[in-house]
Participant: 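Please see the structure below; I have some questions.
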Amino acid sequence: MLDIRLFRENPDQVKERLATRGMDGSAVDEVLALDGKRRETVSRTEALKATRNQISKEIPQRAKAGESIDELKEQSRQIGEEIATLDGVLRDIDEELRLQLLSLPNLPHGDAPIGEDESGNKLVRSWGEPIKHPFAAKAHWDLGDALGFLDLPRGAKVSGSGFYVLKGIGARLERALISWLLDVNTTKNGYTECSVPFVVSPDSLTGTGNLPKFEDQLYKVPLDNLYLIPTAEVPLTNLWAGEILDSADLPIAVCAHTPCFRREAGAAGRENRGISRVHQFHKVELVHLTTPEESAATHEKLVGHACGLLEELGVPYRVVELCTGDLGFGATKCYDLEIWAPGMETWLEVSSCSNFGDFQARRANIRYRPDGKGKPQFVHTLNGSGLALPRLMISLLENNQREDGSIAIPKVLQDRVGASEIRA
RNA sequence: GGAGGCGUGGCUGAGUGGUUGAAAGCACCCGCCUUGAAAGCGGGCGUACCCGAGAGGGUACCGGGGGUUCGAAUCCCUCCGCCUCCGCCA
């Protein structure tokens, strides 16, 4: 959520920066109009309430003095009716204003590259060379089928298209990766591992920015008014919702492995064969809460952690900074890590490392007290995958396939998997 | 799921209809005292919003929402959370 003060003090700047995301300025004007109406109404009701409070104070005094209080009571009652009417109006305005503000994306950071869509993204750096096999590389679905570790048809039978089943060494590889990722992130990168709920409240989703705008991307449990998490970012970030942290508590760095549930509405069919875009997948997520001063440096550190994981696994990658038009809803600045899948012949996004500034903190009301005293301030939140399983597995499988149809397992995983290769 | 209890400021904990935003203690901050520290003494110390250039003024908030009343932390309803007992269950 954006600070309403920005709109009042510098509406043109807000418009300009939203324009770099491809938005027109009408939303800004609407917010300003509502805000004006709100303040006017608040002033009126508060004046009435002050009068009523005054009268209520007089009543016992007059009663003690033996004077009549009927007139005052009637007066107060009438003011009460006026207040009730105005309060109703105010509630409507507040709700509308809140919805407007919650529906506006974050302002891109000043040094995010300007651009309309992904073609405007900037290659920051790359590590390793994309693998080119001297033979006809198979896509992971063919590898999985031939070697029997991936069963897409049965996933579809059980739950519908977009769900997959791993069997035998496939399942074991997934589990090994999850535990390896958690181990590296906790022991080497300094994150505290958390085990969190996979089902969350609407408030939590509003806090991270998934609601109210992206409800159609979420699986809902209507009976209990809960949603399945699209990422561990939601429970992890909301762990501190509504709290005022001590500055000594910061920075906070946590990670969690969770399944992620995404409806991926509008993505059915087309280019989504295999497991590159599915409704349920496993992911290890990294989340930081920090001060505004530290957030930029923390962002770089976060990207470094995600990159380090790929390097240890020997997966070539490139880092792309998203341009203003491609930036996610709540992000001010974002780096995507992409890995090459030689079978699919495409780059896959395995990690999206975003700095949200105080956007989420404002929504979730997460504050801290600088130096342990003074006014509470909003923290900055950041998160990134470390890493997303299916795409990582795609790249490992397709990169490490051999001409004879077998697949090598990276050294760092061999003990956990209990094998050095996958073979029919 | 059933019955009962509870939910007050950073923490502990008073307060059952009228200057109670809320006693007291702890924690924290400033000052005095002290060679220094502790203790002691004095003072300060919630959040949000509105008006105001500022000084300052106002409004709201005692788990959330609604109601009764001239007036609610205090009474009623409802939801949520926690605790105890019972039931059910991996």
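We use all heavy atoms of the structure for the numbers below, so side chains are in, but hydrogens, waters and symmetry mates are not. The sequence lines fix the lettering, A, B, ..., with proteins before strands; numbering per chain opens at 1.
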Participant: Paired with B:G71: which nucleotide, if any, by Watson-Crick or G-U wobble criteria at under 3.5 Å for both distances?
Facilitator: none
Participant: Taking only the P atom of each, what is the distance from B:C61 to B:G65 in whole angstrom?
Facilitator: 9 Å
Participant: Using whole Å, report how far CG of A:Asp87 lies from C1' of B:U59.
Facilitator: 11 Å
Participant: Between A:Pro60 and A:Ala47, just flag the one whose closest nucleotide in RNA chain B comes earlier from the 5' side.
Facilitator: A:Pro60
Participant: Between A:Arg369 and B:G10, is there a contact of a side-chain N or O with OP1 or OP2 at under 4.0 Å?
Facilitator: no
Participant: Rounding to a whole Å, what distance do you find between A:Ile59:CD1 and B:U69:P?
Facilitator: 14 Å
Participant: How about A:His109 and A:Thr332: does a side-chain donor come under 3.5 Å of a side-chain acceptor?
Facilitator: no
Participant: Return the nucleotide paired to B:G7: Watson-Crick means purine N1 to pyrimidine N3 with N6-O4 or O6-N4, wobble means G-U with N1-O2 and O6-N3, both under 3.5 Å.
Facilitator: B:C80
Participant: Rounding to an integer number of angstrom, what distance separates B:C30 and B:G4 when you compare their C1' atoms?
Facilitator: 49 Å
Participant: Using only side-chain N and O atoms of A:Asn53, determine if any of them is under 4.0 Å from OP1 or OP2 of B:U59.
Facilitator: yes
Participant: Would you say the side chains of A:Glu30 and A:Gln100 form a donor-acceptor pair under 3.5 Å?
Facilitator: yes
Participant: Please determine, for B:G40, whether a Watson-Crick or G-U wobble partner exists with both distances under 3.5 Å, and give it or none.
Facilitator: B:C32
Participant: With rounding to whole Å, what would you report as the distance between B:C33 and B:U16 at their C1' atoms?
Facilitator: 45 Å
Participant: The side chain of A:Arg39 is closest to which nucleotide in this list: B:G66, B:G18, B:C50?
Facilitator: B:C50
Participant: Roughly how far apart, to the nearest Å, are B:U8 and B:A24 at atom C1'?
Facilitator: 14 Å
Participant: To the nearest Å, give me how far apart CG (A:Asp35) and C1' (B:C49) are.
Facilitator: 11 Å
Participant: Tell me: CD1 of A:Ile55 to P of B:U59, nearest whole Å?
Facilitator: 13 Å
Participant: Please name the nucleotide paired to B:C89 by Watson-Crick or G-U wobble geometry with both distances under 3.5 Å, or report none.
Facilitator: none
Participant: If only side-chain N and O atoms count, and only distance matters, is there a donor-acceptor pair under 3.5 Å linking A:Tyr191 with A:His305?
Facilitator: yes
Participant: Would you mind pulling out the nucleotide paired to B:A60, Watson-Crick or G-U wobble, both distances under 3.5 Å?
Facilitator: B:U47
Participant: Please report the distance separating the P of B:G36 from the corresponding atom of B:G58, rounded so that it comes out in whole Å.
Facilitator: 44 Å
Participant: Using purine N1 to pyrimidine N3 plus N6-O4 or O6-N4 for Watson-Crick, or N1-O2 and O6-N3 for G-U wobble, both under 3.5 Å, which nucleotide pairs with B:A55?
Facilitator: none
Participant: Considering only atom P, compute the distance from B:A73 to B:G63 and round it to an integer number of Å.
Facilitator: 10 Å
Participant: Looking only at the side chains, is there a donor atom on one of A:Arg363 and A:Thr206 sitting less than 3.5 Å from an acceptor on the other?
Facilitator: no
Participant: Going by atom types alone, do A:Glu215 and A:Tyr227 pair a side-chain donor with an acceptor below 3.5 Å?
Facilitator: yes
Participant: What integer number of Å spans the P atoms of B:C76 and B:C88?
Facilitator: 34 Å
Participant: Can you measure A:Glu67 atom CD to B:C70 atom P for me and round it to whole angstrom units?
Facilitator: 19 Å
Participant: Within less than 4.0 Å of OP1 or OP2 of B:A60, is there a side-chain N or O belonging to A:Arg91?
Facilitator: no
Participant: For A:Glu46 and A:Arg367, find the nucleotide of RNA chain B closest to each by heavy atoms; which residue's nucleotide sits nearer the 5' end?
Facilitator: A:Arg367
Participant: Strictly by modelled atom types, are A:Thr187 and A:Asp183 linked by a side-chain donor-acceptor pair under 3.5 Å?
Facilitator: no
Participant: For the pair made of CG in A:Leu48 and P in B:C70, what is the distance, rounded to whole Å?
Facilitator: 17 Å
Participant: Any idea which of B:C70, B:C50, B:U19 is nearest the A:Lys57 side chain?
Facilitator: B:U19
Participant: Pairing donors with acceptors under 3.5 angstrom, does anything connect the side chains of A:Glu82 and A:Gln78?
Facilitator: no
Participant: Please measure how far the C1' atom in B:C26 lies from the corresponding atom in B:A48, and state the result in whole Å.
Facilitator: 26 Å
Participant: What's the closest nucleotide to the A:Lys49 side chain, out of B:C51, B:A60, B:C70?
Facilitator: B:A60
Participant: May I ask you to evaluate whether A:Arg52 reaches the phosphate of B:G58, defined as a side-chain N or O under 4.0 Å from OP1 or OP2?
Facilitator: no
Participant: Using only side-chain N and O atoms of A:Asn365, determine if any of them is under 4.0 Å from OP1 or OP2 of B:U47.
Facilitator: no
